[in-house]
Amino acid sequence: MEIWINPACSKCRSALTLLDAEGADYTVRKYLEDVPSAAEIRDVLERLGLEPWDITRTGEAEAKELGVKEWGREPGDRERWIEALSAHPKLIQRPIVTADDGSAVVGRSEEAVRDALGRGQAFRSPRTLVMRCSPGRSPERR
């Protein structure tokens, strides 16, 4: 499982908190630093079952500068959108959670993140609390 996040985003932080609380085994991708290629965006779109305009943050200043609201939304327009998302990753809706079964979700809600968790997710083993006690000493936590 991988989650694409912007650390400044409250929805991303909430998704991480939920994944941690559920003991999920996942990898974090800070997609503004580790920018996805056009091929990776195509792959995640296929996994999401969405089109690039469906995951574009059209209210961002960069989107307004590019005029994306005016762009076509037909199959022939798809590559233009994908290239824009790769060139301007801030336009990618977040967080995106890729599930272990090959699917993905845009995790803007707790329900969506839980949906990804239920798709064949592997979980970390619970942490073990080890108590050591020497004669005459208090237990030590490790």
Side-chain angles (χ1 to χ4, degrees), residues 1-134 137-142:
M1 176 178 280
E2 182 176 74
I3 181 168
W4 293 10
I5 68 157
N6 173 351
C9 169
S10 64
K11 298 280 186 187
C12 293
R13 291 191 307 272
S14 293
L16 291 174
T17 298
L18 177 59
L19 292 174
D20 286 340
E22 294 296 326
D25 186 16
Y26 64 92
T27 303
V28 171
R29 181 174 188 167
K30 296 178 183 176
Y31 71 91
L32 296 178
E33 298 168 16
D34 182 10
V35 179
S37 67
E40 289 173 307
I41 292 170
R42 277 186 218 95
D43 177 63
V44 86
L45 286 167
E46 184 175 326
R47 294 174 79 171
L48 287 165
L50 297 174
E51 293 296 337
W53 43 85
D54 297 327
I55 65 162
T56 301
R57 297 174 58 86
T58 58
E60 294 286 338
E62 289 178 52
K64 291 175 183 175
E65 289 173 21
L66 293 169
V68 297
K69 282 189 176 181
E70 308 306 317
W71 291 5
R73 295 179 183 215
E74 299 297 324
D77 302 310
R78 199 166 193 271
E79 281 306 305
R80 181 181 188 189
W81 286 84
I82 291 169
E83 292 298 329
L85 291 173
S86 184
H88 306 276
K90 194 172 186 178
L91 301 182
I92 299 172
Q93 188 58 269
R94 59 191 184 252
I96 293 177
V97 183
T98 58
D100 291 341
D101 71 349
S103 65
V105 298
V106 177
R108 305 265 320 144
S109 69
E110 182 177 322
E111 180 180 87
V113 176
R114 286 191 185 282
D115 182 39
L117 280 169
R119 296 180 182 190
Q121 163 60 48
F123 291 90
R124 291 188 288 236
S125 59
R127 293 188 175 100
T128 305
L129 177 63
V130 177
M131 304 290 278
R132 291 192 178 173
C133 191
S134 300
R137 299 187 118 193
S138 299
E140 175 182 48
R141 291 182 181 218
R142 290 198 164 196

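When reading the values below, keep in mind they use all heavy atoms of this one structure, side chains included, and skip hydrogens, waters and symmetry mates. We number each residue from 1, following the sequence as shown.
Rounded to the nearest 0.5 Å, atoms NE2 (H88) and CG (L32) are 13.0 Å apart. With rounding to the nearest 0.5 angstrom, the CD1 atom of I96 is 9.5 Å from the SG atom of C12. Distance check: T56 OG1 to Q93 CD gives 9.0 Å after rounding to the nearest 0.5 Å. Atom OG of S37 is separated from atom CZ of R42 by 7.5 Å, given to the nearest 0.5 angstrom. Between the OG atom in S14 and the CD1 atom in I5 there is a gap of 11.5 Å [rounded to 0.5 Å]. Remark: E51 CD to R78 CZ distance equals 4.5 Å, nearest 0.5 Å.
Put simply, the side chain of I41 does not reach to within 4.5 Å of the side chain of P52, judged on heavy atoms. K11 has its side chain within reach of P95: a pair of non-hydrogen atoms, C-beta onward, lies under 4.5 Å apart. In this structure the side chain of W4 reaches within 4.5 angstrom of the side chain of V44, judged on heavy atoms. Side-chain contact between D43 and T98: absent, with no pair of heavy atoms (C-beta onward) separated by less than 4.5 Å. Counting heavy atoms from C-beta outward, M1 and L19 have side chains that approach closer than 4.5 Å.
Judged by distance alone, the side chain of E83 and the main-chain N or O of R80 form no donor-acceptor pair under 3.5 Å. Under the 3.5 Å distance criterion, the side-chain polar atoms of D20 are left unmatched by any main-chain donor or acceptor of T17. Distance alone, capped at 3.5 Å, is enough to place a donor-acceptor pair between the R47 side chain and the G102 backbone. Of the possible donor and acceptor atoms, none in the side chain of R119 sits under 3.5 Å from a partner among the backbone N and O of D100. Between the side chain of R29 and the backbone N or O of D34 there is at least one donor-acceptor pair closer than 3.5 Å. Here the side chain of S86 pairs no donor or acceptor atom with the backbone of I82 at under 3.5 angstrom. A donor-acceptor pair is defined here as one N or O able to donate and one able to accept, closer than 3.5 Å; such a pair exists between the side chain of Y31 and the backbone of I92.
Applying the side-chain hydrogen bond (donor to acceptor under 3.5 Å, both in side chains) definition to pairs two or more places apart or across chains, none involves residues 64-73.
Heavy atoms from other residues, nucleotides or ligands lying under 6.0 Å from CD of E79 number more than 12.
Taking each heavy atom of V106 and L48 in turn, the nearest pair found is N-CD2, 3.7 Å. The shortest non-hydrogen separation linking G107 to A112 is CA-CB, 4.0 Å. Taking each heavy atom of L117 and A24 in turn, the nearest pair found is CD2-CB, 3.5 Å.
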Between Y26 and L16, does a side-chain contact (heavy atoms from CB on, under 4.5 Å) hold up when you go through it step by step? CA-CA 9 Å; Y26 64 92; L16 291 174; 3.6 Å; yes
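Salt-bridge check for R57 with E62: failed, with every basic side-chain N at 4.0 Å or more from each acidic carboxylate O.
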